[in-house]
Amino acid sequence: MAGVLVYSTKQGLALELISAARKIDETVWAVSINDDNLAQALAAAGARVFKISNPDLTVADTGAVAAAIKQVLDKVNTDVVLLSSDRRGKELAGRLAQVIGAGCLTDVTAINVEGSKIECQRNALGGATIATQYIEGPKVIAIRPRAYEAAGAGNGSVEELAVEIKGAAIKVIDFKPKAADTVNIEAAEILVAVGQGLSDEAKLTDIQDLAARLGGEVACSKPLATDKKWLSEERIIGLSGKKCKPQLALLLGISGQVQFTVGIRDARVIAAINTDENAAINYMADYIMQADLHDVIKELNEKL
Amino acid sequence: MNIVVAMKQIPDLQQIRIRNRKPVLDGVPAALGIIDKNALEAAVLIKESQGGKVIVLSAGNEEVEETVKEALAAGADEAFLVLDDELDGADGSVKALVLAEAIRKIEDVGLILFGEGSGDNYSGQVGSRVAELLGLPQVGYARSIEINDSSAVIVRSLEDGDEIIEVSLPVIVNVLGDINEPRIPSVTQILKAGKKLKEVLELEDLAIDLTGLPEINMVSNLAPETDRKQVKVSSVDELLQALKTEGVI
Ligand SMILES: Cc1cc2nc3c(=O)[nH]c(=O)nc-3n(C[C@H](O)[C@H](O)[C@H](O)COP(=O)(O)OP(=O)(O)OC[C@H]3O[C@@H](n4cnc5c(N)ncnc54)[C@H](O)[C@@H]3O)c2cc1C
Ligand SMILES: Nc1ncnc2c1ncn2[C@@H]1O[C@H](COP(=O)(O)O)[C@@H](O)[C@H]1O
């Protein structure tokens, strides 16, 4: 094992990977694809960067990216690759693992080096449990965004690398940016989270009002963002959303399925308001109120 | 053109209990992955407008033969199953080899759909591995799929925006849970499901070598300790008082 190779299309996440890689080995190799700024930033954080510039290579083509990274791995002779577990990274993880005959773990929240083993933690059974696993043989490990701090300044280098790519199998015909929601619910001290118990979209203003009074942020369960589209996906708490640890989480009309609770179980105080006395969320709460959330919000907004 | 949908049998997560921080899986009924049902619905919608067959593909233990009926009732025409106890809980690298080899045996496949992640493991790697094994292009996190003759236009939803992709068939697509609302089969459909064609193979019927694969070892698998007060409050005033005492408001 000679070092660790890291790759992400996003600069912030790639810098986090460098921090994670340093827990495994001092030597950190990195790859940038058609992105000079990324190459410079990674070198400035101490990585030895292979800069690939090839107009035939698009990061949207997972197969081609995996083939390119394989060519880098042939040069550096390491069998440990860290990717970011954002959507691009997760999609690439399995493909790259297959190309290099590696085992693959995604959505890893922490790594610990125990002798020659790299022990990885990840949610299992939909989030009901935390599994600690390690891979024997070559490894592709995709690490959850913000599991590690971005690496600080270091002394790296940039080397250009030509790769051979078969004709692109995938054509990107358009990209439609999402309306930016820059909220960071992971950093909030107070979260007011709503679920499908909320009767209609118009009532969201009351929730926003309450969050503002408490000095917190609005968050939600997944269906509110992905099915109903009432809030942005940035605000989802849970397995496919964010893992939060606020001082206070006020949970309104959320049933408490495991894929949700995995994202909030590190909160210091949880208060749950639900009309169902037997809602699963009650077992996860410090304070349980069986009531209609709409009445409770109204009263809270009057009294705060 | 036929459409293959890969669906995984998982334990019904809502019914898993935790004892001494360990998950108790005994007696927990089997179900099909939730997002895999979205993949099936996407396939059935395409079939309804374009024709062809929807073939559900699953690798797992003997129980899958029963579990898969739900998919046959919800619109799949046939099932292709590889059943072996060894496949229960097998790693993604093993399952990918099995699924890829099974797909090679199915005729005229234009589209192969996967879920974005399986319900229990949610690792999102099996579809990508199968794509590599079959040498096919792949598009993950799809929120819409449109087929035009020999190509597809797929919207891949990323954190910061939607990427519109054109790709020629056959292609592997991993769908998002919000691509559609899966239909609930009617009683007649459930009754008819038992009669639909099922091709059942065993591991040894496939020409694959499962030796020398990377191994994933489990050190521990525990529920986090939860120690919540679970105090019932009966009024907003009581709630506010409690939160003040906690020092959080
Ligand atoms: C692979 C996978 C990943 C997932 N990831 C996530 C994730 O990251 N985050 C997530 O949240 N979900 C996730 N889910 C979905 C999850 O399983 C649940 O479907 C979801 O959390 C349910 O959201 P909910 O509690 O808002 O809705 P419901 O389960 O419908 O609950 C609504 C609740 O509101 C209560 N209620 C109704 N009316 C009122 C009222 N007037 N006042 C007060 N209470 C009321 C009801 O009693 C009920 O308890 C995932 C699922 C899968 C399969
Ligand atoms: N045993 C299996 N049989 C059929 N399909 C599977 C199996 N395991 C995983 N899949 C498919 O691969 C997808 C991703 O699984 P995973 O990599 O475990 O998250 C699932 O949503 C299914 O579509």
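A note on names: the letters A, B, ... follow the listed sequences, proteins ahead of strands, and every chain is numbered from 1. This structure is a prediction, so every number in the text was calculated from the model and none was measured.
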Give, as side chain, backbone, both or neither, the part of [X] having an atom under 4.5 angstrom from any heavy atom of chain B.
X       : result
S85(A)  : neither
A291(A) : neither
L304(A) : side chain
D107(A) : side chain
K117(A) : neither
R268(A) : both
E119(A) : side chain
A93(A)  : neither
I173(A) : both

With sequence neighbours left out, what residues match Q121(A) under side chain to side chain contact (heavy atoms under 4.5 Å, CB included)?
T109(A), A110(A), I130(A), T132(A)

Going by side chain to side chain contact (heavy atoms under 4.5 Å, CB included), name the residues that satisfy it together with K298(A), two or more places apart in sequence or in a different chain.
E302(A)

Residues K222(A) and D178(B) bridged, charged N to O under 4.0 Å:
no

Chain B: which of [options] shares the most heavy-atom pairs with it under 4.5 Å?
options                           : value
L214(A), L239(A), D286(A), V99(A) : D286(A)
A169(A), P177(A), C104(A)         : C104(A)
D61(A), D227(A), L300(A), V140(A) : L300(A)
D174(A), T106(A), L248(A)         : D174(A)
Q290(A), E233(A), Q257(A)         : Q257(A)
A271(A), P138(A), A102(A)         : A102(A)

Could you have a look at [options] and say which one has the most heavy-atom pairs with chain A under 4.5 angstrom?
options                            : result
G140(B), P137(B), S220(B)          : S220(B)
L222(B), L13(B), T226(B)           : L222(B)
S168(B), A131(B), G124(B)          : A131(B)
A242(B), G247(B), S93(B), G135(B)  : A242(B)
M218(B), Q125(B), E215(B), E132(B) : E132(B)

Does atom CG of L45(B) have more than 12 heavy-atom neighbours, drawn from other residues, nucleotides or ligands, at distances under 6.0 Å?
yes

Count the heavy atoms belonging to other residues, nucleotides or ligands that lie under 6.0 Å from NZ of K171(A), then report whether that count exceeds 12.
no

Per-residue contacts, residues 230-238 of chain B versus chain A, heavy atoms under 4.5 Å
Q230(B), V231(B), K232(B), V233(B), S234(B), S235(B), V236(B), D237(B)

Just checking, is any N or O donor in the side chain of [X] or [Y] under 3.5 Å from an acceptor N or O on the other one?
X       : Y       : result
S232(A) : E234(A) : no
E246(B) : Y287(A) : yes
N61(B)  : D85(B)  : no
E166(B) : S151(B) : no
R122(A) : N121(B) : yes

Measure distances from [X] to the heavy atoms of chain A and classify the residue's part below 4.5 Å as side chain, backbone, both or neither.
X       : answer
I154(B) : neither
L243(B) : side chain
V139(B) : both
I249(B) : side chain
L158(B) : both
I165(B) : both

For D266(A), check salt bridge (charged side-chain N to carboxylate O under 4.0 Å, His left out) against everything at least two apart and list the hits.
K243(A)

Among R144(A), K10(A), R146(A), exactly one meets salt bridge (Lys or Arg N to Asp or Glu O under 4.0 Å) together with D86(A). Which residue is that?
K10(A)

